[in-house]
Every structure is written in structure tokens, then in C-alpha cells.
Asker: 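Got a structure here, written out as C-alpha cells. Questions coming.
As a basis for the values below, the full set of heavy atoms in this structure was taken, side chains included, without hydrogen atoms, waters or symmetry mates. Letters go in sequence order (proteins before strands), and every chain restarts at 1.
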Amino acid sequence: MIENMCAKKEPVKGLKPLEGAECGKVVMRFAPNPNGPPTLGSTRGIVVNSEYVKMYEGKLIIRFDDTDPQTKRPMLEAYDWYLDDCKWLGAEPDQVVIASDRIPLYYKYARQLIEQGNAYVCFCTSEDFKNLKDISEPCPHRDANPQENLMHWDKMLAGEYEAKDAVLRLKTDIKHKDPAIRDYGIFRIVKQPHPRPEVDSKYVVWPLLDFEGAIEDHELGTTHIIRGKDLMDSETRQTYIYKYLGWKYPKTMHWGRVKMHEFGKFSTSTLRRAIEEGEYSGWDDPRLPTLRAMRRRGILPQAIRKFMIEMGVGETDVSISMDTLYAENRKIIDPLASRYFFVWDPVELPIAGAQPRTAKPPKHPTENKGHRSIDVADKVLVCKDDVDQLQVGSRIRLKDLYNIEITSLSPLQASYIGDEVANLKKDRMKIIHWAPVNGIPVRVLSPDGEFKGIGEKLISTELDKVVQFERFGFCRIDSVGSEIVAYFTHK
RNA sequence: GCUCCGGUAGUGUAGUCCGGCCAAUCAUUCCGGCCUUUCGAGCCGAAGACUCGGGUUCGAAUCCCGACCGGAGCACCA
């Protein structure tokens with residue numbers, strides 16, 4: 001879709017060229033906190049980074065920023081969910097890094113910064129510090145010499161202080177005009193064990209995001225960073241670390257927040273709670289904006305990639321409709337999806353004067369995919385919605401079967417009036433679909449609730465495929481058995 | 001309060017750096033029509049935008065200033 005830009009520098013539709021990018025030398029990363037599965041929001045980062053890496057034949061890294069065992073506590077299953085979803089999206093990383101495995105690395109640089117006099121252990125309460133910082137005043141601990149700081153730091157590491165007692169701060173510029181930059185914290189004490197068993201209670205001192213990210217981006221050789229606008233200050237903050245350590249800062253880009261019209265505000269933690277309370281069936285509930293839900297519903301990764309790439313990397317906050325994603329998906333799926341009849345809210349319709357026969361509707365109106373076959377005796381099932389619009393004397397076409405005329409509404413009764421298909425338009429005959437009375441029960445789970453009805457038996461052969469239920473919409477067949485469960489994709 | 005960022009049709013984007021070829025691109029949505037044994041697909045057509053006000057200039061969506069609106073940071077969250 002995006003052709004190789006190494007050979008040609010001309011921008012292709014979609015992503016703009018990366019500033020200062022050299023073919024084969026680009027290293028990019030995306031750095032989620034695995035405190036839940038990837039959502040459509042995180043997917044943007046996965047897709048765009050991977051697309052750039054493909055473009056420049058670079059290296060893609062996934063880095064789990066799981067250095068908060070407390071507030072945004074990682075979820076053990078989520079690490080694999082990310083890897084799994086990345087693979088599904090065609091964004092398999094070349095390298096996987098887990099921050100909680102690399103704490104000693106961060107300690108090493110912390111020590112160096114303390115020794116150089118660029119960091120200090122601060123014992124202020126957060127409130128006291130904030131008050132001083134807001135008026136550009138240094139706190140009393142700022143002047144401590146490196147030896148003192150090293151001693152305090154070692155005590156922190158040894159667990160001699162409790163959470164909130166002490167924090168390691170980077171000496172930036174206490175008079176910086178932007179208060180967000182002034183002597184920000186880089187390590188704090190957390191005594192809660194980490195969820196990963198290999199880490200557990202190994203550490204009581206944890207790095208904060210800007211420090212951990214700064215060190216990692218350098219260590220991993222990151223050349224280009226794309227991050228959310230909410231992290232815009234990070235570059236200014238981290239540049240101090242880079243300066244002290246004599247490193248060169250990567251190129252950065254930012255993007256605004258993405259909201260989907262269909263999904264209100266959602267945070268991983270609120271979703272998590274709702275799931276635990278049983279409000280949703282799980283992280284792949286069709287009402288959820290998670291990648292797992294999209295996948296289960298039959299949204300294809302190619303559609304998601306295209307959708308994300310066309311959105312680009314603008315700094316404006318966007319609020320986009322799922323319809324756009326559905327449109328991409330429909331283009332891919334429509335020629336592939338076999339057609340079947342699914343009748344929701346089924347009503348029995350007896351037909352007088354019809355010979356038993358076998359209907360042979362095509363599996364696809366234009367693609368050559370063969371036929372289904374459905375045996376019909378003297379009655380069929382039709383949707384209640386359709387029945388409600390009928391009157392005595394209504395002449396309708398049962399799609400791919402024959403024509404009937406309604407002779408009575410209660411009880412519902414029709415009679416066979418022929419097979420002629422030529423004059424359907426001229427006679428303004430309504431065409432409705434139907435299902436055999438001995439069909440198979442079908443349950444469709446959709447973002448708007450559940451639909452129950454009867455479908456053709458052959459649907460059972462489409463496990464895990466996306467099909468189209470005629471006059472209903474596309475669905476992915478999730479399970480087959482005495483009942484078929486389908487997940488609604490889109491219209 | 002301090003600091004930063006953004007504002008092109010309903011939605012998302014192109015163009016903004018290096019002013020003219022922009023009476024502004026593409027996609028989606030919506031509305032007409034055609035086609036079709038699906039309310040799907042396809043085809044044709046239509047509608048729809050440079051936040052506002054100043055300034056610079058022969059000329060501004062593009063540069064400058066101001067206002068307004070929106071988002072974000074100032075956490076011992078990421």
C-alpha cells in the first residue's frame with residue numbers, strides 16, 4: 001500500500017516522509033503500559049510506527065512501560081495480548097523490551113546523574129515541593145552534595161524509607177518559565193510488589209516515565225519517536241537527561257487524541273471495572289473498542305491499518321466515526337463474504353399450492369462461489385418486520401425461491417403464484433429473504449444488542465469466516481453447533 | 001495562575017515550512033438517479049470548508065499580530 005520509500009523519496013499517499021530518516025537506519029518503538037489490551041487508540045501507535053518502519057526498512061520495538069506497580073498496575077495477560085494483536089495487525093516487533101526487567105540499568109544512570117550533581121534526593125512532601133516550584137524556589141534538598149545524595153539514594157534502594165518519604169529529582173532549571181519542567185521527579189518509592197512473578201518485590205524504587213523512557217530511547221537506539229500530544233513536554237524534560245549524559249535526542253512527532261463517535265470516553269481502568277462487574281462479557285465484548293473485539297467481529301487488520309494510516313499523524317484532536325473504518329472493511333470483505341439467509345424474529349409462513357423443491361441461491365451475487373441448497377416443503381420462516389408490512393393480496397418474491405401472494409394475515413397464509421422472475425421490477429414486487437423451518441438457530445451479538453433467529457444450515461460450514469446475512473449485515477461466525485453464534489461486523 | 005499545542009466541508013485528510021498553478025485534494029457520510037431476485041456491492045450526479053478581525057504584499061488557507069474556540073502539561077500515573 002505504501003511503497004518502499006528507500007528508493008524514491010517521493011511521498012506516497014498516507015504518511016508523510018520522516019524527517020531525517022535514512023533507509024535501513026530507522027529505529028522506532030511504541031511503548032504501551034500493559035494495563036489492559038490494545039484498543040483502537042493504542043492501535044494508532046502500533047500501525048503508524050510499523051508502517052514507517054516498513055517504509056524505511058527499519059527496526060520496530062515494542063517496549064512495555066510497566067514501571068508502575070500501583071496506580072496503573074500492569075495486567076499480566078496484557079503483555080501477550082499486545083504481542084498477539086501486533087502480530088495480527090502485521091506489526092510484529094523486531095524486539096520486545098520489558099522495562100521492569102531493566103531496572104538496574106535505570107539505577108546505573110541514576111547513580112551517574114547523582115554523582116555528577118544533576119539529581120538529588122528530595123524529602124519534601126509533594127505539596128511543599130509544588131508550592132516552592134510554583135514560585136521558582138529551590139527546595140532545601142537541592143543543595144545537598146553528591147556524597148549526601150548518594151547516601152540517601154542507597155538508603156532508598158535499601159528500603160529504608162517508606163513510600164512518599166523520598167523521591168529522586170532531576171536538577172533542571174528551577175526558574176524555567178514552564179513550571180512543568182522544573183526539577184521533576186525521576187524515581188519514587190513503591191512498596192507494592194510488581195505483578196510479574198519474575199520481578200515481584202525485587203525493587204522498591206521505581207523510575208517515572210520521563211526517566212525510563214529517556215534512558216530506553218537512547219539505549220535502544222531510537223531514531224524517531226511518535227507520541228501523544230499529552231507527552232509534548234517530555235522532550236524538553238528529557239533533553240536535560242540527554243544533555244547531562246551527552247546523548248543526542250531523537251526526532252519527535254506528536255499526535256492528538258483519537259475519539260470514536262460510537263464509543264464515549266473510556267479508560268482502561270473503567271473498562272476493567274465494568275468487565276469485572278459483569279457489565280461486559282469480556283475484553284472482546286462486541287460493544288468495546290478493543291482490538292480483540294474488532295477481531296472477533298470480523299474487522300480485518302488491513303482495514304484497520306488503512307484507516308489509521310489515512311488518519312496520519314496530525315496534532316489536532318480527532319473524533320472519527322466507525323463508519324469510516326467499516327467502509328474500509330466492507331471494501332475488502334464484500335467480494336469474499338458468502339451470502340446466507342438469516343431470519344430474525346421468525347414467523348412461520350405456510351404456502352399453499354407449492355411443490356416441495358430445493359432452492360439454489362448463489363453464495364455471492366457477482367463472484368463465482370457456487371450455490372447453497374435449501375429444501376423447502378410447504379412453509380418457510382420470514383422476519384416479523386416483513387410480515388408487519390404485508391396485507392392480504394400482497395404479492396412478494398421469496399428471494400431465490402418463488403413468488404407468493406398473501407391470502408390471510410391471521411393466521412398467516414400465502415399461496416404459490418409462480419416462479420417468474422422477469423417482471424419483479426415492473427410489478428413492484430417486494431423481495432424478501434426467508435429461512436427453512438428446519439434451519440439452525442442463530443444468535444447474533446452486536447454493539448446494539450442481541451438478535452435471535454433461524455438461519456440456513458450451511459452457515460455451519462463458515463466457522464471463523466465473515467459472511468453476509470442478506471438484508472441484515474456482515475457477521476463473523478464465531479461458533480457452530482446446535483446453535484450458531486455470530487458477531488456482527490457492520491451493515 | 002504559569003506553560004505548550006492546535007483550529008480546512010457532518011467526519012477524517014491534502015495543501016501551510018519555501019505566499020500566486022487553491023473559485024482548495026482525496027475518502028467517508030448525506031441527498032438524487034441508474035443498476036441489482038439483499039436494506040450489500042457497483043456506476044453516475046449533487047451538496048458541502050480555509051474560526052474571526054487587523055496587518056504585510058501586486059497577490060495569503062499559506063507570513064505577522066490580536067481575539068475567540070478547542071486540547072494538553074504543571075503527579076512520588078503512563
Side-chain angles (χ1 to χ4, degrees), chain A residues 11 13-14 16 31-35 65-68 70-74 99 122 124-127 129-130 133-136 163-169 176-182 184-190 205-206 208-210 212-213 227-237 254 256-258 261 268-269 306-307 309-312 314-328 330-331 333-335 337 339-341 361-362 364-367 385-386 397-403 420-422 424-425 429-433 468-474 490-491:
Chain A
K13 195 173 185 175
K16 291 176 218 172
N33 175 1
N35 62 344
D65 280 351
D66 60 344
T67 54
D68 178 9
Q70 198 152 34
T71 319
K72 286 190 178 167
R73 189 156 224 268
C122 170
C124 297
T125 64
S126 54
E127 195 186 339
F129 185 82
K130 178 179 165 41
K133 180 207 68 183
D134 282 348
I135 53 169
S136 287
K164 312 234 175 219
D165 284 355
V167 56
L168 188 71
R169 292 190 181 284
H176 197 287
K177 64 173 179 174
D178 182 351
I181 309 303
R182 299 170 194 157
Y184 63 93
I186 53 177
F187 282 86
R188 66 8 180 134
I189 297 166
V190 180
V205 176
W206 288 89
L208 272 333
L209 178 72
D210 276 317
E212 180 264 329
R227 56 177 148 223
K229 235 178 24 170
D230 50 328
L231 263 27
M232 242 170 183
D233 287 338
S234 285
E235 177 162 0
T236 315
R237 308 224 279 195
H254 304 95
R257 257 191 128 53
V258 190
H261 291 334
T268 308
S269 41
K306 190 141 187 279
F307 175 73
I309 287 165
E310 292 194 342
M311 203 150 61
E315 287 193 8
T316 46
D317 294 329
V318 299
S319 180
I320 192 167
S321 164
M322 288 293 287
D323 285 348
T324 311
L325 174 59
Y326 293 159
E328 295 295 350
R330 193 179 295 113
K331 281 180 202 160
I333 265 173
D334 185 75
R339 270 55 172 171
Y340 291 96
F341 290 151
H364 197 282
T366 54
E367 306 293 310
D385 290 347
D386 288 325
R397 171 73 181 182
L398 294 176
K399 188 168 186 287
D400 299 306
L401 186 61
Y402 45 56
N403 307 329
E420 188 55 51
V421 95
L424 292 178
K425 267 281 136 58
M429 214 181 271
K430 191 174 162 64
I431 301 161
I432 67 170
H433 71 293
Q468 189 203 51
F469 289 154
E470 297 197 39
R471 304 210 301 145
F472 181 77
F474 294 91
H490 47 67
K491 285 279 315 172

Asker: Would you say the base of B:U28 and the side-chain of A:Glu328 have a donor-acceptor pair closer than 3.5 Å?
Answerer: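 In this structure, the two groups form no donor-acceptor pair.
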Asker: Find the distance A:Asp317:CG to B:G70:P and express it as a whole number of Å.
Answerer: 12 Å
Asker: Is A:Thr366 touching bases, backbone alone, or none of the nucleic acid, heavy atoms closer than 4.0 Å?
Answerer: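 Contact class for A:Thr366: none.
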Asker: At under 4.0 Å between heavy atoms, what does A:Asp386 touch on the DNA or RNA strands: base, sugar-phosphate, or nothing?
Answerer: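 Answer is base: heavy atoms of A:Asp386 come under 4.0 Å of a base.
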Asker: Expressed in angstrom and rounded to an integer, what is the separation of A:Leu209 atom CG from B:C74 atom P?
Answerer: 11 Å
Asker: Base, sugar-phosphate or nothing for A:Arg169? Non-hydrogen atoms, less than 4.0 Å.
Answerer: sugar-phosphate
Asker: Ignoring the backbone of A:Lys72, work out which of B:U13, B:A78, B:G40 is nearest its side chain.
Answerer: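 Of B:U13, B:A78, B:G40, B:A78 is nearest to the side chain of A:Lys72.
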Asker: When you check the phosphate oxygens OP1 and OP2 of B:U13, does a side-chain N or O of A:Lys16 lie under 4.0 Å from one of them?
Answerer: no
Asker: Using heavy atoms to find the nearest nucleotide of RNA chain B for A:Glu315 and A:Ile431 separately, return the residue whose nucleotide is more 5′.
Answerer: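 Result: A:Glu315.
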Asker: Side chain of A:Val318 only, heavy atoms from C-beta on: which candidate in B:C5, B:C77, B:G12 is closest?
Answerer: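 Between B:C5, B:C77, B:G12, the one nearest the side chain of A:Val318 would be B:G12.
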Asker: Determine the contact category for A:Asp230: base if any of its heavy atoms lies under 4.0 Å from a base atom, sugar-phosphate if only primed atoms, P, OP1 or OP2 are that close, otherwise nothing.
Answerer: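 The residue A:Asp230 makes base contact.
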Asker: Using whole Å, report how far CZ of A:Arg182 lies from P of B:G1.
Answerer: 15 Å
Asker: Of all the nucleotides listed (B:A78, B:G71, B:G40), which has the minimum atom distance to the side chain of A:Leu231?
Answerer: B:A78
Asker: Select one nucleotide: of B:U38, B:G12, B:A78, the one nearest the side-chain heavy atoms of A:Lys399.
Answerer: B:U38
Asker: Quick one: label A:Ile320 by what it contacts on the DNA or RNA (base, sugar-phosphate, nothing), any heavy atom closer than 4.0 Å.
Answerer: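 Touches sugar-phosphate only.
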Asker: Between A:Asp323 and A:Arg330, is the closest basic N to carboxylate O distance under 4.0 Å?
Answerer: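 So A:Arg330 does not pair with A:Asp323 through a salt bridge.
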Asker: Nearest whole Å is fine: how far is B:A78 P from A:Arg257 CZ?
Answerer: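 One finds 16 Å between P of B:A78 and CZ of A:Arg257, rounded.
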Asker: So which nucleotide from B:A78, B:G40, B:C77 ends up closest to the side chain of A:Pro365?
Answerer: B:G40
Asker: Counting side-chain heavy atoms from C-beta on, which of B:U37, B:U28, B:C76 comes nearest to A:Ala327?
Answerer: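 Closest of the options to the side chain of A:Ala327: B:U28.
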Asker: Have a look at A:Thr324 and say if it touches a base, only the backbone sugar-phosphate, or nothing, with a 4.0 Å heavy-atom cut-off.
Answerer: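 A:Thr324: backbone/sugar contact only, no base atoms under 4.0 Å.
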Asker: Between P on B:U37 and CE on A:Met429, what's the gap in Å once rounded to a whole number?
Answerer: 14 Å
Asker: For B:U28, take OP1 and OP2 only and decide whether either is under 4.0 Å from a side-chain N or O of A:Ser321.
Answerer: no
Asker: In whole angstroms, how far is the C1' atom of B:C77 from the CG atom of A:Asp68?
Answerer: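 Checked: the CG to C1' distance equals 6 Å.
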Asker: If each of A:Ile181 and A:Val190 is mapped to the nucleotide of RNA chain B with the nearest heavy atom, which maps nearer the 5' terminus, i.e. the 5' end?
Answerer: A:Ile181
Asker: Closer than 4.0 Å, any side-chain N/O of A:Arg227 to the OP1 or OP2 of B:A72?
Answerer: no
Asker: Give A:Phe187 one of three labels, base, sugar-phosphate or nothing, depending on what nucleic acid heavy atoms sit under 4.0 Å from its own.
Answerer: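 Answer is nothing: A:Phe187 stays at 4.0 Å or more from every strand.
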Asker: Taking OP1 and OP2 of B:U28, is either one under 4.0 Å from a side-chain nitrogen or oxygen of A:Lys331?
Answerer: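 Indeed, a polar side-chain atom of A:Lys331 lies that close.
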Asker: Quick one: are A:Asp400 and A:Phe341 in side-chain contact, heavy atoms under 4.5 Å?
Answerer: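 Yes, close enough: below the 4.5 Å cut-off.
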Asker: If we take the C1' atom in both B:G7 and B:U16, what is their distance in whole Å?
Answerer: 13 Å
Asker: Looking only at side-chain atoms of A:Asp65, point me to the closest of B:A78, B:C74, B:U29.
Answerer: B:A78
Asker: I'd like the P distance from B:U51 over to B:A9, given in whole Å.
Answerer: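 These two P atoms come out 7 Å apart once rounded.
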Asker: Atom CZ of A:Arg397 and atom C1' of B:U36: how far apart are they, to the nearest Å?
Answerer: 14 Å
Asker: With a non-hydrogen cut-off below 4.0 angstrom, is A:Pro361 in contact with a base, only sugar-phosphate, or nothing?
Answerer: nothing
Asker: Could you work out which one of B:U38, B:G6, B:U28 sits closest to the side chain of A:Thr316?
Answerer: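 When the side chain of A:Thr316 is considered, B:G6 is the closest of B:U38, B:G6, B:U28.
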Asker: Atom CD of A:Glu310 and atom CD of A:Glu328: how far apart are they, to the nearest 0.5 Å?
Answerer: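 Between atom CD of A:Glu310 and atom CD of A:Glu328 there are 5.0 Å.
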Asker: Would you say A:Arg188's side chain and A:Ile186's backbone share a donor-acceptor pair under 3.5 angstrom?
Answerer: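 Not at all, since once roles are kept as given, no pair shorter than 3.5 Å links the two residues.
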Asker: Looking at B:A78, B:A75, B:C2, which one has an atom nearest to any side-chain atom of A:Pro179?
Answerer: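 Within the option list, the nearest is B:C2.
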Asker: Base, sugar-phosphate or nothing for A:Thr236? Non-hydrogen atoms, less than 4.0 Å.
Answerer: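 No contact.
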Asker: OP1 or OP2 of B:C77 sitting under 4.0 Å from any side-chain N/O of A:Arg188?
Answerer: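 Yes, within the criterion.
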Asker: Does A:Arg339 make a side-chain N or O approach to OP1 or OP2 of B:G40 shorter than 4.0 Å?
Answerer: no
Asker: Please determine if a side-chain N or O atom of A:Lys177 lies less than 4.0 Å away from the OP1 or OP2 oxygen of B:C4.
Answerer: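 True: A:Lys177 side-chain N/O within range (under 4.0 Å) of B:C4 OP1/OP2.
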Asker: Calculate the interatomic distance between A:Asp400 atom CG and B:U36 atom C1'; express it in whole Å.
Answerer: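 Rounding to the nearest Å, CG of A:Asp400 and C1' of B:U36 are 12 Å apart.
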Asker: Between B:A60 and B:C50, how far apart are the two C1' atoms, rounded to whole Å?
Answerer: 11 Å
